[in-house]
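These notes concern the structure reproduced below.
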Amino acid sequence: MSTVSRITIPKSVRDRLHLRAGDKVEFIVLDDGRVELVPLTAPVTRLKGMVPPPRRRVSLDDMEAAIKRRTGRK
């Protein structure tokens, strides 16, 4: 069951997790009693730039061929 509450998270933690007002987080209680804070939502636009651009362009046919080679399928 999910409960919605409002909390105040220190700015240093918000910055580190790239959290903004209204973002959802989950608290996970670990076996040793510590609590882990996990961001649940973020706009897709925040993902831009996280993965470096490919060194070269690859076509869908090239990708499918590579998958077939790796899986041994024909």
*Kindly compute the distance separating CZ (Arg14) from CG (Asp23), expressed to the nearest 0.5 Å.*
10.5 Å

_Partner set under side chain to side chain contact (heavy atoms under 4.5 Å, CB included) for Val29, not counting sequence neighbours_ = Val35

*By side-chain hydrogen bond (donor to acceptor under 3.5 Å, both in side chains) - contacts of Asp61 (at least two apart)*: none

_The criterion is side chain to side chain contact (heavy atoms under 4.5 Å, CB included); which residues satisfy it with Ile7, sequence neighbours excluded?_
Ile9, Val25, Phe27

*By side chain to side chain contact (heavy atoms under 4.5 Å, CB included), which residues pair with Thr8, not counting sequence neighbours?*
none

*Could you name each residue pair satisfying side-chain hydrogen bond (donor to acceptor under 3.5 Å, both in side chains) that touches residues 24-33, not counting sequence neighbours?*
Asp32-Arg34

*asked:* Applying side chain to side chain contact (heavy atoms under 4.5 Å, CB included), can you list everything that pairs with Pro53, at least two apart in sequence or on another chain?
replied: none

